[in-house]
Amino acid sequence: MSVRILIAYCGDLSEVAEAFAEGARPHSGEIRIAELDDLLRDEGKPALRELERCDAVAFGLPADPGAPAADMMRLLELSEPLWVSGRLHDKVVTVFTDHPHIPAPDAVIFPIYSALYHWGAVVIGPRDFELPGPATPDARLIAARYRGRRLARLAGTLDAERAALAQVQL
């Protein structure tokens, strides 16, 4: 599969980001894990390059502050030239927190979903009924693997649809 996935996170989410990648790996061609601090250097140019070239994105941020992380909102603001030009349309995107097995607070998620709406992104949330309960040992890593797998599979489906459409238009 040729699906390219970007897992971009801020805060102490490296373990969860790695679990996301582990779940996505069998269903994707390339996975890039990056901290938002690194992507936002040089006026966000690395972030914009990564966003444009990937097929799917998993954004990770802490749920504790009760609002989206400033780095995440900065990245979404910088992405405006890309989404205005249609270059982010149909990206498959999910958002996770440091507790991917628990639905994120609305105050954290909704501002991000609003920005993704402008992108024309295909936003996938957790299928709550399939996630392990909080009392399950390693629930957050199990949920992250599941959500990474789901992100990659759905991005692959959309990629196959685009390829089939391109064949018809030839």
Side-chain angles (χ1 to χ4, degrees), residues 1-10 13-36 38-39 44 46-61 68 71-72 75-76 78-101 103-104 108-132 140-170:
M1 236 183 225
S2 62
V3 175
R4 291 180 304 270
I5 297 174
L6 170 64
I7 301 170
Y9 69 94
C10 55
L13 275 80
S14 61
E15 184 179 33
V16 177
E18 288 292 338
F20 245 90
E22 186 181 325
R25 201 162 279 119
H27 306 281
S28 61
E30 180 184 332
I31 297 173
R32 167 116 156 79
I33 300 172
E35 288 189 50
L36 280 177
D38 293 336
L39 291 176
L48 298 179
R49 279 192 301 271
E50 291 290 335
L51 286 175
E52 189 170 4
R53 75 180 293 273
C54 72
D55 300 299
V57 185
F59 287 127
L61 63 158
D71 285 349
M72 184 66 65
L75 173 61
L76 294 173
L78 289 169
S79 73
E80 184 175 356
L82 294 178
W83 64 257
V84 165
S85 65
R87 295 189 312 240
L88 298 179
H89 184 75
D90 277 352
K91 299 283 183 190
V92 180
V93 184
T94 194
V95 180
F96 66 94
T97 67
D98 37 359
H99 304 289
H101 57 296
V108 171
I109 291 296
F110 284 168
I112 296 169
Y113 283 173
S114 178
L116 297 176
Y117 175 81
H118 290 290
W119 285 19
V122 177
V123 179
I124 58 169
R127 290 170 44 136
D128 296 350
F129 64 91
E130 292 181 333
L131 296 177
R140 66 189 221 138
L141 300 181
I142 292 167
R145 283 186 210 101
Y146 165 76
R147 293 186 62 197
R149 186 170 51 253
R150 186 163 183 251
L151 176 72
R153 282 189 4 254
L154 291 171
T157 299
L158 192 58
D159 189 51
E161 180 183 312
R162 276 192 295 267
L165 183 60
Q167 290 297 321
V168 171
Q169 292 178 348
L170 292 177

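Here the structure is a predicted model, which is why all the values come from computation and not from measurement.
When side chains are defined from C-beta on, D159 counts as touching S2, because their heavy atoms get closer than 4.5 Å. Taking the side chain as every heavy atom from C-beta outward, R53 and R32 never approach each other to under 4.5 Å. Under the 4.5 Å side-chain criterion, counting only non-hydrogen atoms from C-beta, H118 is not in contact with E80. Counting only heavy atoms from C-beta outward, the side chains of I112 and L61 approach each other to under 4.5 Å. Side-chain contact between F96 and I7 is present, with at least one heavy-atom pair separated by less than 4.5 Å. With a 4.5 Å cut-off on side-chain heavy atoms, E50 and D38 do not count as touching. Side-chain atoms of L51 and L78, non-hydrogen and from C-beta on, never get closer than 4.5 Å to each other. Taking the side chain as every heavy atom from C-beta outward, I31 and R25 approach each other to under 4.5 Å.
In plain terms, the two heavy atoms of S79 and L48 that are nearest each other are CA-CD2, 3.7 Å. Here the closest non-hydrogen pair linking G125 and Y113 is CA-OH, 4.2 Å. V108 approaches P111 most closely through the heavy-atom pair O-CD, 3.8 Å. The heavy-atom pair separating P81 from R87 by the smallest distance is O-NH2, 4.3 Å. When every heavy atom of G148 is checked against every heavy atom of A24, the shortest pair comes out as O-CB, 3.4 Å.
The side chain to side chain contact (heavy atoms under 4.5 Å, CB included) search around Y117 returns none, not counting sequence neighbours. When the side chain to side chain contact (heavy atoms under 4.5 Å, CB included) test is applied to I124, the partners found at least two apart in sequence or on another chain are V92, T94, R150, L151, L154.
How far CG of L6 is from NZ of K91: 9.5 Å, rounded to the nearest 0.5 Å. The structure places OH of Y9 at 10.0 Å from CG of L39, a figure rounded to the nearest 0.5 Å. If you take CD1 on I33 and CG on L13, they are separated by 11.5 Å, rounding to the nearest 0.5 Å. Note that CE of M72 is 5.5 Å distant from CZ of F59, once rounded to the nearest 0.5 Å.
Ionic pairing of E22 and R145 is present here: one or more N-O contacts between side-chain nitrogen and carboxylate oxygen are shorter than 4.0 angstrom.
No donor-acceptor pair under 3.5 Å is formed between the side chain of R149 and the backbone N or O of H27.
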